[in-house]
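Below: the structure, in structure tokens.
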Amino acid sequence: MKKTTAIFLVLILICGLTAGCGAKTDAGNTSGKATSEGKSLRIGVCLFTKNDEWLADIADQFEKQCADKGYEVNIQDGNQENEKQVQQIENFIAKKYDAIVLSAADVEGILPAIDKCQEAGIPVIAIDTPIDHAWISTCISWDNYKSGQMLGEYAVKYIQENLADKNTVNLVMLDGTGYPHLEKRDEGFLDALKDIKNLDLVARQCTNGNRELSANVINNNIAKGIDIVYGVVDNHAWGAVTALQEAKAEKCAVLSCGGFGEEPFTALENDDPYYKAIIVVPPENIVEDSIAAVEKVLAGESVEPITNIDISLADHNNVKDFIK
């Protein structure tokens, strides 16, 4: 009887030690949240529009980079419509996606949809446009003021080298009024130009990323003589180029405060008579940082409210550095 009892006690001790080892292994993830390791994540991407080469490239990069990681990605075109984006987000929630990446058409109008994401416990990563909501994990962006400042410094150099003999330098701004992050670009650009005393701002208007509206502003002011056009986004700049081309305008420098891709790079490489400089914002980096943020948030790791990527300025002299 004593021998049987002893064996029984040994068995209990062995089971206890085994259970202890198992508990130690399970305690490795102390966050209590799911990690992305070994899991095929499902990411919903809701873009402001695909009718823009930069955002189209972002869509392509999401397809490529998610495929490389074995993640499922569903990319939706918001077509610059808040209601459409709300519906897309609600659909992502209903299908229980792991995370949502969003570039918002309306940073105020989208807030109720973010509320629903919070209720569902689905993290949201913003790209390009910051969204003022506590549930936004981070915004993948860049220093917007710096981008405008860099472009303004290029404009100052251009004026000094090409327009020094002019009594008045005429500027048209196709700006970002109404969009706080774009307004920072406008501010940086104008601050860089503050010492140009003969600068005349002949027209200033936000054309909401629309090439046709941008072209109309140029057409309405071309008789005044335009020396420089500032486009806060690349579609603004290209609308201006189209109008200048059709009018066979004299020398005018069109400057873009953000973009990427074949269209702008080809124009710069060919020394286009109008399109002169762009702030380069690589979609590859935006998407890489977005996916990394999703992985960190789902693993319970902290992320900064703003994740800034590096930016550069390209013109005819260095554009080959950016062409892959």
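Values in this document were obtained by computation on a predicted structure and should not be read as measured data.
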Atom [atom1] of [X] with >12 non-hydrogen neighbours under 6.0 angstrom:
X: Asp132; atom1: CG; result: no
X: Gln245; atom1: CD; result: yes
X: Glu72; atom1: CD; result: yes

State which residues pass side chain to side chain donor-acceptor pair (under 3.5 Å) with [X]; sequence neighbours excluded, sorted by chain then number.
X: Thr168; answer: none
X: Ser103; answer: none
X: Asn221; answer: Lys224

Among residues two or more places apart or on two chains, list those pairs meeting side chain to side chain donor-acceptor pair (under 3.5 Å) that have a residue in residues 225-234.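 As it turns out, the side chain to side chain donor-acceptor pair (under 3.5 Å) pairs with a partner in residues 225-234, which skip direct neighbours, are Lys166-Asp227, Asp186-Tyr230, Asp234-Trp238, Asp234-Ser256, Asp234-Tyr275.
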Can you pull out every side chain to side chain donor-acceptor pair (under 3.5 Å) where at least one residue sits in residues 282-293? Sequence neighbours excluded, please.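 Residue pairs with at least one partner in residues 282-293: Glu284-Lys324.
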Taking salt bridge (charged side-chain N to carboxylate O under 4.0 Å, His left out) as the definition, give me every residue that meets it alongside [X], ordered by chain and number, with sequence neighbours left out.
X: Asp143; answer: none
X: Glu83; answer: none
X: Lys50; answer: none
X: Lys64; answer: Asp68

Please confirm whether the backbone N or O of [Y] pairs with a side-chain atom of [X], one donor and one acceptor, at under 3.5 Å?
X: Asn79; Y: Glu81; answer: no
X: Lys96; Y: Phe92; answer: no
X: Asn82; Y: Gly109; answer: yes
X: Arg42; Y: Lys95; answer: yes
X: Gln65; Y: Ile291; answer: no

[atom1]-[atom2] distance between [X] and [Y], expressed to the nearest 0.5 angstrom:
X: Ile226; Y: Leu244; atom1: CD1; atom2: CG; result: 6.0 Å
X: Ile140; Y: Thr307; atom1: CD1; atom2: OG1; result: 4.0 Å
X: Ile110; Y: Ile89; atom1: CD1; atom2: CD1; result: 4.0 Å

Side-chain atoms of residues 145-164: list all donor-acceptor pairs with protein atoms under 3.5 Å, sequence neighbours left out, distances to 0.1 Å.
residue: Tyr145; atom: OH; partner: Asp191; partner atom: OD2; Å: 2.7
residue: Ser147; atom: OG; partner: Asn144; partner atom: O; Å: 2.7
residue: Asn162; atom: ND2; partner: Tyr158; partner atom: O; Å: 3.1

Which pair of non-hydrogen atoms, one from [X] and one from [Y], has the smallest distance, and what is that distance?
X: Ala243; Y: Asn219; result: CB-OD1, 3.6 Å
X: Val233; Y: Gly209; result: CG2-CA, 4.1 Å
X: Ala105; Y: Gln80; result: CB-C, 3.8 Å
X: Asp77; Y: Thr49; result: OD1-CA, 3.2 Å
X: Phe189; Y: Met173; result: CD2-CE, 4.2 Å
X: Phe62; Y: Ile75; result: CB-CD1, 3.7 Å

Are Asp175 and Arg204 within salt-bridge range, i.e. N to O under 4.0 Å?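 Salt bridge flag = yes for Arg204 with Asp175.
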For Thr129, all residues meeting side chain to side chain contact (heavy atoms under 4.5 Å, CB included), sequence neighbours excluded: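 If we apply the side chain to side chain contact (heavy atoms under 4.5 Å, CB included) test to Thr129, skipping adjacent residues, the hits are Val107, His181.
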Under 6.0 Å between the ring centres of Phe260 and Phe322?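 Centroid distance Phe260-Phe322: not below 6.0 Å, so no.
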Hey, any chance Ile100 and Ile58 share a hydrophobic cluster, counting ILVMFWY side chains that come within less than 4.5 Å of each other, even indirectly?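 No: no chain of side-chain contacts under 4.5 Å links Ile100 to Ile58.
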Between Leu201, Leu255, Val202, Ile196, which is the residue that forms a side-chain contact (heavy atoms from CB on, under 4.5 Å) with Leu171?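 The side-chain contact (heavy atoms from CB on, under 4.5 Å) with Leu171 is passed solely by Leu201 among Leu201, Leu255, Val202, Ile196.
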Only distances under 3.5 Å count here; give the side-chain donor-acceptor pairs of residues 111-123 to other protein atoms, sequence neighbours excluded, each with its distance to 0.1 Å.
residue: Asp115; atom: OD1; partner: His133; partner atom: NE2; Å: 2.7
residue: Lys116; atom: NZ; partner: Glu90; partner atom: OE2; Å: 2.5

